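Notes follow the structure.
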2 protein chains.
Amino acid sequence: MTDQAVPAAEHPAERRPRQGAAAGKPATIYDVAHAAGVSHQTVSRYLKGFEGIRPETRAKVERALAELDYRPNLTARSLTTGRSRRIGALTHDIDKYGPSKILGSASAAARDAGYVLDVVTLDTTDTASIREALAIIAEHDVEGILALSSTDEMTHAFEGIDFRVPALIAAEPDEPSRVQSQLATVGMPALVAHLAELGHRRLIFLAGPHHWSAARNRTRALEVAAESQGIEVAAVLEGDWSARSGHELIRDLPEIDATAIVSANDQMALGAILALSERGLEVPGDVSVTGIDDLPDAAFYTPPLTTLRMDLSGRGRAAFAELLSRIDGSEAHEPAPVQSELIVRSSTGPAPR
Amino acid sequence: MTDQAVPAAEHPAERRPRQGAAAGKPATIYDVAHAAGVSHQTVSRYLKGFEGIRPETRAKVERALAELDYRPNLTARSLTTGRSRRIGALTHDIDKYGPSKILGSASAAARDAGYVLDVVTLDTTDTASIREALAIIAEHDVEGILALSSTDEMTHAFEGIDFRVPALIAAEPDEPSRVQSQLATVGMPALVAHLAELGHRRLIFLAGPHHWSAARNRTRALEVAAESQGIEVAAVLEGDWSARSGHELIRDLPEIDATAIVSANDQMALGAILALSERGLEVPGDVSVTGIDDLPDAAFYTPPLTTLRMDLSGRGRAAFAELLSRIDGSEAHEPAPVQSELIVRSSTGPAPR
DNA sequence: CTCGGTCTTGTTACCGGCCACATTGGTGCA
DNA sequence: TGCACCAATGTGGCCGGTAACAAGACCGAG
């Protein structure tokens, strides 16, 4: 409490020349404290929103803060608090609609919660490269890990790893659950019923790749719905979600032994429609086609696609919310169940007799 | 240098109970150093790849490292080095193909360079929300900032801000440059020439939203190419990149006073095709339609779309490379020029007389 | 045998925050 | 008037690394 200058024992910040935004390095709380004539701790308290600071002290701090254009250094903060406010996100096929939509909504949810997503993309689907990506994420000191695409390889890569932080795969789960049951109990039956009402009795299913849990989910839901409504599934053909694969599967079929094609996503349906038209078949005159997802573009296919609208944004948000609740131990407020809704457009019509 | 135990002055790590991966917190270099019987600095040197370590010391460190399942704490490292190995990425419309493709490729490039992208998504396009997103990014201690979508609002939001780190907008630039000139000098002229050869003399252009620099770019390139080849642009209609807008623009047109529609992207072309068919016009029999981008789906539209393939991945990679070179001051190895290539499919055909 | 240089390793300070604890000044009450 | 108590603020340590410098061991040369 003496006022006499102690030559070298001055505060570290003393040695640094006075600096504002224009100068070299960003201001720290020490710079601010010095400028305000208070201790760094007082600044820290102010920043934290501590109430018990005298008005005039508060004013001094505020002035210094503004003057130096202070911005907190989150790196330093997270070193002591252990909270980095960062979530590692892992995805492949980010250029595909589904994953990128989920990513976007998860990212928006993250932002609203003050988090940022550290995105690492995967080039390939093999377990080894997923592991590698996980290692990168782990180094970056994230508070949680979110996998945006749910394949067997992903599940496998997640097994037996000690992440030290919560990790989860955003998925249409294999196991019975809200999502699955909503699709299986409401969405898919509605789609099949729609076809049945139009007189269709045999359909071909274009499935997604089997190593995706969402694909298995959708296949099973379709089979159950068809069975229970007495609709025959003439064939289940496995594609890779792409329009190309939908096109090839239908193009290479010896004969179209059904009056309807149900596709596990809209893009394969798009390919199927083209292949049908190349075979001289009309949609929906000769064959009806349906998709799943309801891409924004699906309403503008020729013809506009009848499809099941899936709430992908909801999935991203729900996944993030779930992860967040695991991170801070708070109870996950039960997310609204993810809905699927039948959207009838003109790609479906009465079955030809 | 005495060996006698100094009660409380032991190393911090001493006080913590022995711990492996199974125990509480992750191991630090101090833990490793203690386990190996060396100083933490020796461990740090080993980790850095320092050569001058005696083989037996090296072995001890390696053993301890493995035993404790040590993983470096990047937060602590970046606090001293000032290098966080993190890039802030800013985008809206991440669920659209263009931005997500650019994001994906930028992210892949980042990963290869040992960086991670901190993604913040924008809900709206206004400058204020961009600024807010930038503030979030700035707090997260990134080494650079990359904006993935290039709108006027983005440019505006970037102006007059002291980022303290390199920041750039990945764009098809307004100013003459490689990208623009390749599109303007090669791609677009090829597209227009293709239509001219088919006998088209009047076309309608579906432009992207004017506040996107890429949209202005494409509009200007088209106008120039059309002018120089004696093709008349009957109308320039501004959409918002979506299939919906392409559909509405063509649907609401009093008359189709042209034999070809050139769209600034594939999705508006998709909407246009549907609108034409609803008007009873055949593509390409009555009207030819072209797009730009060459989405994977564009080859499977009905009819498959003639389009200009744009190298979006190249854009993402190039943007990241440029940013990286600004960060570490290295010379940017001139990236391969971004190419656009004419892809002729069946949505274009001879002009009706 | 001593001295300087090199090689290897250890010690201490520091990055920018937060936390626990210490200290100061003012107030109420006996 | 003295003292306990509380409100406001300051001090020092710590988080987990890196950097600068110091120190001990070993070497050859004078």
Side-chain angles (χ1 to χ4, degrees), chain A residues 1-3 6 8-16 24-34 36-61 65 68 70-85 139-141, chain B residues 1-3 6 8-16 24-34 36-58 60-61 68 70-85 139-141:
Chain A
M1 270 322 86
T2 68
D3 256 338
V6 189
E10 287 283 339
H11 201 278
E14 289 290 7
R15 286 199 293 276
R16 205 189 289 161
K25 296 167 60 182
T28 71
I29 52 168
Y30 293 97
D31 299 324
V32 173
H34 180 252
V38 300
S39 80
H40 65 100
Q41 190 54 232
T42 300
V43 178
S44 175
R45 286 193 186 97
Y46 173 85
L47 260 17
K48 240 180 27 180
F50 178 67
E51 295 293 337
I53 301 179
R54 220 181 305 155
E56 59 264 36
T57 307
R58 181 176 292 270
K60 282 190 294 184
V61 172
L65 242 22
L68 296 181
Y70 172 80
R71 295 182 220 165
N73 179 328
L74 201 118
T75 298
R77 180 177 297 169
S78 66
L79 185 58
T80 49
T81 60
R83 309 215 54 176
S84 61
R85 297 275 156 190
E139 277 197 355
H140 275 265
D141 186 37
Chain B
M1 279 325 88
T2 68
D3 254 335
V6 189
E10 286 283 337
H11 199 280
E14 290 288 8
R15 285 200 293 276
R16 205 189 288 162
K25 296 166 61 180
T28 71
I29 54 167
Y30 292 95
D31 299 325
V32 173
H34 180 253
V38 300
S39 80
H40 71 275
Q41 189 55 232
T42 301
V43 178
S44 175
R45 288 192 185 100
Y46 173 86
L47 259 17
K48 234 175 38 174
F50 177 67
E51 294 293 336
I53 301 179
R54 222 181 303 155
E56 59 264 35
T57 308
R58 181 175 292 269
K60 284 190 294 186
V61 172
L68 296 181
Y70 172 80
R71 295 182 221 165
N73 179 327
L74 202 119
T75 298
R77 178 178 299 168
S78 67
L79 184 57
T80 50
T81 60
R83 307 213 55 175
S84 61
R85 296 275 158 189
E139 278 196 356
H140 276 264
D141 186 37

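Remember, it's a predicted structure, so these values are computed and weren't measured experimentally. Letters A, B, ... mirror the listed sequences (proteins, then strands); counts begin at 1. Because only heavy atoms are used, hydrogens play no part in the values below, and waters and symmetry mates are left out as well, while side chains stay in.
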Output, in order, the C-alpha distance, side-chain angles, deciding distance and verdict of side-chain contact (heavy atoms from CB on, under 4.5 Å) for A/V43 and A/Y30. CA-CA 8 Å; A/V43 178; A/Y30 293 97; over 6 Å; no

Nearest whole angstrom, please: distance from the C1' of C/dC14 to the CD of B/Q41. 13 Å

Taking only side-chain N and O atoms of B/K48, does any of them lie within less than 4.0 angstrom of OP1 or OP2 on D/dG17? no

pair B/Y70-B/L47: side-chain heavy atoms closer than 4.5 Å: yes

Quick one: does B/S78's side chain have a donor or acceptor within less than 3.5 Å of a partner on B/L74's backbone? yes

B/R71 CZ to D/dG16 C1': how many Å, rounded? 16 Å

Starting at atom CD1 of A/I29, determine the distance to atom C1' of D/dC15, rounded to an integer number of angstrom. 14 Å

Integer-rounded Å distance: C/dG25 P and A/I53 CD1: 19 Å

When only distance counts, do a donor and an acceptor, one from the side chain of A/R54 and one from the base of C/dG25, lie under 3.5 Å apart? no

When you measure from the side chain of B/L79, which nucleotide among C/dG10, C/dC18, D/dG16 comes out closest? D/dG16

For the pair A/T28 and A/N73, evaluate side-chain contact (heavy atoms from CB on, under 4.5 Å) and give the outcome as yes or no after the intermediate values. CA-CA 8 Å; A/T28 71; A/N73 179 328; over 6 Å; no

Please give, in whole Å, the distance from D/dT11 P to A/H34 NE2? 13 Å

Looking only at the side chain of B/T28 (C-beta and beyond, no hydrogens), which of the listed nucleotides D/dT9, C/dC18, D/dG16 gets closest? D/dG16

Base C/dT9 to side chain B/H40, donor-acceptor N/O within 3.5 Å cut-off: no

C/dT9, OP1 or OP2 - any side-chain N/O from B/T57 closer than 4.0 Å? yes

Given D/dT9, D/dC15, D/dT18, the nucleotide with the shortest approach to the side chain of B/T81: D/dT18

C/dC15 C1' sits how many Å from B/N73 CG, rounded? 13 Å

With the side chain of A/R45 defined as its heavy atoms from C-beta on, choose the nearest nucleotide among D/dG16, C/dT11, D/dG10. D/dG10

By nearest nucleotide on DNA chain C, pick out whichever of A/P72 and B/E56 is the more 5' one. B/E56

What nucleotide among C/dC18, D/dA19, C/dG10 has an atom nearest to a side-chain atom of B/S39? C/dG10

Quick one: label B/T75 by what it contacts on the DNA or RNA (base, sugar-phosphate, nothing), any heavy atom closer than 4.0 Å. nothing

Nearest-Å distance for atom pair OH/P, residues A/Y30 and D/dT11: 11 Å

Look only at the side chain of A/T81 and the backbone of A/R77, and say whether a donor-acceptor pair between them is shorter than 3.5 Å. yes

Compare the minimum distances between each of C/dT12, D/dG10, C/dC18 and the side chain of A/T80, then state the nucleotide with the smallest one. C/dC18

Check: B/Q41 and B/R45 side chains under 4.5 Å, non-hydrogen atoms: yes

Provide, to the nearest angstrom, the distance between the CZ atom belonging to B/R77 and the P atom belonging to D/dC15. 18 Å

Name the nucleic acid region contacted by A/Y70, choosing base, sugar-phosphate or nothing; use a 4.0 angstrom heavy-atom cut-off, strictly under. sugar-phosphate

So, does B/T42 get its side chain near the phosphate of C/dT9, meaning an N or O under 4.0 Å from OP1 or OP2? no

